[in-house]
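Have a look at the structure below before the remarks.
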Protein chains: 2
Amino acid sequence: MRNLLKDKKLSETPFRKEVLEVFGNYSNAISMSVIEKGLKDYNRITLYRTIKIFLEKGLIHEIALSGEPSNYALCDSTCSSELHQHQHVHFKCTLCETVTCVEVAEFPSLHLPNYQIEQLEIQASGICKVCLKKE
Amino acid sequence: MRNLLKDKKLSETPFRKEVLEVFGNYSNAISMSVIEKGLKDYNRITLYRTIKIFLEKGLIHEIALSGEPSNYALCDSTCSSELHQHQHVHFKCTLCETVTCVEVAEFPSLHLPNYQIEQLEIQASGICKVCLKKE
DNA sequence: TATTTTATTGCAACATTGTTGCATTTATTG
DNA sequence: CAATAAATGCAACAATGTTGCAATAAAATA
Ligand SMILES: [Mn+2]
Ligand SMILES: [Mn+2]
Ligand SMILES: [Zn+2]
Ligand SMILES: [Zn+2]
């Protein structure tokens with residue numbers, strides 16, 4: 001297993017490791033409140049600063065949602081301070097409410113006349129594979 | 001010109017009209033702070049409630065952005081309390097920072113194995129047509 | 001149009017979320 | 001292990017969002 005903190009040149013502190021563990025406990029993206037519940041004990045300010053620096057250094061990425069708090073998920077190794085490059089779709093299930101990063105065979109492309117597109121972000125919603133099976 | 005308030009069965013108040021006027025003054029999506037600057041005088045709480053009910057009734061839609069406040073834009077007439085249905089792309093310019101709703105000839109489609117997609121939301125970023133011309 | 005009914009507004013008070021300066025503690029470097 | 005650099009926790013604050021309730025304004029009714 002990769003050492004995310006060392007890779008991104010961040011000091012290894014017990015708290016940062018614990019936050020990363022929380023992310024590791026989920027296969028989906030998680031909100032701030034889920035992170036908080038997953039921590040034994042925490043200082044609110046330190047947590048904010050931790051999330052902020054994880055975002056900046058490309059350890060995690062933010063998934064902004066309309067009408068509700070953002071979710072966060074681990075990036076893959078290609079992300080850095082310079083560029084978050086994701087070729088995956090963010091899927092929000094309308095039943096179980098989970099947000100998942102879904103890898104996709106061929107990422108859609110788009111051409112807009114008169115616009116120069118540098119990045120595409122796709123958010124899909126509907127029913128996730130877990131909920132589909134339950135039906 | 002359509003009467004948005006009556007159409008969506010909302011009381012016509014001077015304040016709501018003024019907020020709609022602010023939206024009308026822009027061809028792009030705007031943030032809460034831009035709305036506030038566009039109003040002569042306003043009560044913070046009333047403004048929140050106004051935005052909230054405009055969202056609920058489908059007069060406006062929210063564009064959630066990572067790391068910065070949401071933007072809002074007028075919906076087209078097809079939107080209602082039940083369903084916001086947009087076949088457009090949200091474009092954020094990395095130069096002028098504006099967020100625009102861009103109509104697109106053919107909206108991309110996506111298939112995810114094991115997922116049932118009900119809605120797609122696409123956010124593109126890059127250089128907008130205004131900034132491209134200036135270069 | 002006058003009256004009744006219903007909805008909106010503004011105030012006060014509060015809750016949540018996010019930020020900053022600074023001293024203390026901890027991790028990293030050599 | 002000592003020196004240095006970085007992270008943490010506290011206090012204080014700022015910004016954002018919410019709720020109950022009385023006053024006011026809009027809509028519906030007669
Ligand atoms: Mn993702
Ligand atoms: Mn739009
Ligand atoms: Zn689900
Ligand atoms: Zn631009």
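What you see is a predicted model, and the numbers here were worked out from it, not measured in a lab. So you know, we letter chains A, B, ... as the sequences are listed, proteins then strands, and number each from 1. Both backbone and side-chain heavy atoms feed into the values below; hydrogens, waters and symmetry mates do not.
- Put simply, chain A comes within 4.0 Å of DNA chain C, heavy atom to any atom, from dT17(C) to dT28(C), going 5' to 3'.
- Atom NZ in Lys9(A) sits roughly 14 Å away from atom P in dA7(D) (whole-Å rounding).
- The partner of dG30(C) is dC1(D), judged by Watson-Crick or G-U wobble contacts that both fall below 3.5 Å.
- At whole-Å resolution of the value, CG in Leu55(B) and C1' in dT18(D) are 16 Å apart.
- If you check every strand for non-hydrogen atoms under 4.0 Å, Pro14(A) touches sugar and phosphate atoms only.
- Residues Pro108(B) and Ile122(B) are in side-chain contact: their nearest non-hydrogen atoms beyond the backbone lie under 4.5 Å apart.
- By the salt bridge (charged side-chain N to carboxylate O under 4.0 Å, His left out) test, Lys9(A) pairs with no residue at all, sequence neighbours left out.
- Remark on DNA chain D: of its neighbouring residues Thr13(B) and Lys52(B), the 5'-side contact belongs to Lys52(B), judged by nearest-heavy-atom nucleotide.
- Between Leu47(B) and Arg44(B), every side-chain heavy-atom pair lies at or beyond the 4.5 Å cut-off.
- Using modelled atom types and a 3.5 Å distance limit, the side chains of Ser11(B) and Thr13(B) yield no donor-acceptor pair.
- For the segment residues 35-51 of chain B, the set of residues with a heavy atom within less than 4.0 Å of an atom of DNA chain D comprises Arg44(B), Ile45(B), Tyr48(B), Arg49(B), in numerical order.
- The shortest distance between side-chain heavy atoms of Met32(B) and Tyr48(B) falls below 4.5 Å.
- Salt bridge annotation for Lys92(B)-Glu121(A): absent, with no cationic side-chain nitrogen under 4.0 angstrom from a carboxylate oxygen.
- At distances below 3.5 Å, not a single donor-acceptor pair connects side-chain atoms of Ser31(B) with backbone N or O atoms of Asn71(B).
- Contacts between residues 15-26 of chain B and DNA chain D, defined by a heavy-atom separation under 4.0 Å, are absent.
- Legend: ring pair (Phe, Tyr, Trp, His ring centres under 6.0 Å) pairs involving residues 8-33 of chain A, not counting sequence neighbours: none detected.
- Using a 4.5 Å cut-off on side-chain heavy atoms (C-beta onward), Leu4(B) and Leu10(B) make no contact.
- You'll find the side chain of His88(A) reaches within 4.5 Å of the side chain of His90(A), heavy atoms only.
- With sequence neighbours left out, Thr46(B) forms a side chain to side chain donor-acceptor pair (under 3.5 Å) with Asn43(B).
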